Amino acid sequence: MIGTQPQGIPCILDLPLSFVVDVLVSPYTLVQQVRHGNFHPRFVQEIHDQRMRDVDEGFERFHKDAPEDGSDSYMPPPPDPER
């Protein structure tokens, strides 16, 4: 039944269990980070350059398929009815 349990019970159970899991997982995470470096580098020039190339390629593909009248909307061609 709803309302028969105090609302704080799940939180009281969750806090110690979360602490135990954090204590168990932290050493593994530390070893992995030391071994492989920062998982989310803030700025690495090679990664940044690759992402910018990917973005540029996406823009080129979009503009290649965009309507020639200069409108912002793009509708793909209708499917071939003979297929």
Side-chain angles (χ1 to χ4, degrees):
M1 281 177 35
I2 297 175
T4 59
Q5 266 185 31
Q7 296 296 322
I9 296 272
C11 184
I12 291 171
L13 293 174
D14 183 55
L15 287 174
L17 293 175
S18 295
F19 178 74
V20 169
V21 170
D22 287 345
V23 167
L24 293 174
V25 172
S26 290
Y28 172 76
T29 305
L30 178 67
V31 169
Q32 292 300 313
Q33 192 164 4
V34 167
R35 182 179 295 154
H36 300 290
N38 193 357
F39 294 141
H40 303 286
R42 293 204 171 125
F43 186 82
V44 175
Q45 189 65 45
E46 293 83 16
I47 293 173
H48 174 74
D49 292 343
Q50 180 60 47
R51 287 183 181 160
M52 293 307 295
R53 282 191 299 272
D54 293 344
V55 167
D56 290 341
E57 288 173 12
F59 280 129
E60 287 174 11
R61 280 193 308 265
F62 173 77
H63 289 295
K64 178 183 74 151
D65 297 334
E68 293 181 16
D69 64 0
S71 64
D72 290 337
S73 63
Y74 167 71
M75 296 209 33
D80 187 6
E82 296 180 8
R83 281 184 150 186

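Only a predicted model underlies this, so the values are computations on that prediction, with no experimental measurement involved.
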Run through the side-chain heavy atoms of Ile, Leu, Val, Met, Phe, Trp and Tyr, join any pair under 4.5 Å, and report what else lands in Met52's cluster. none
Taking transitive links into account, so neighbours of neighbours count too, which hydrophobic residues share a cluster with Tyr28 at under 4.5 Å side-chain distance? none
Considering residues at least two apart in sequence or located in another chain, which fulfil the side-chain hydrogen bond (donor to acceptor under 3.5 Å, both in side chains) criterion with Asp56? none
With Glu57 via side-chain hydrogen bond (donor to acceptor under 3.5 Å, both in side chains) - residues at least two apart: none
Distance-only check: which donor-acceptor pairs under 3.5 Å involve side-chain atoms of residues 9-23, not counting sequence neighbours?
unit_1, atom_1, unit_2, atom_2, d
Asp14, OD1, Ser18, OG, 3.3
Ser18, OG, Asp14, O, 2.9

Side chain to side chain contact (heavy atoms under 4.5 Å, CB included) with Glu46: which residues, sequence neighbours excluded? Val44
For the atom pair CZ (Arg53) and NE2 (His48), what is the distance rounded to the nearest 0.5 Å? 10.0 Å
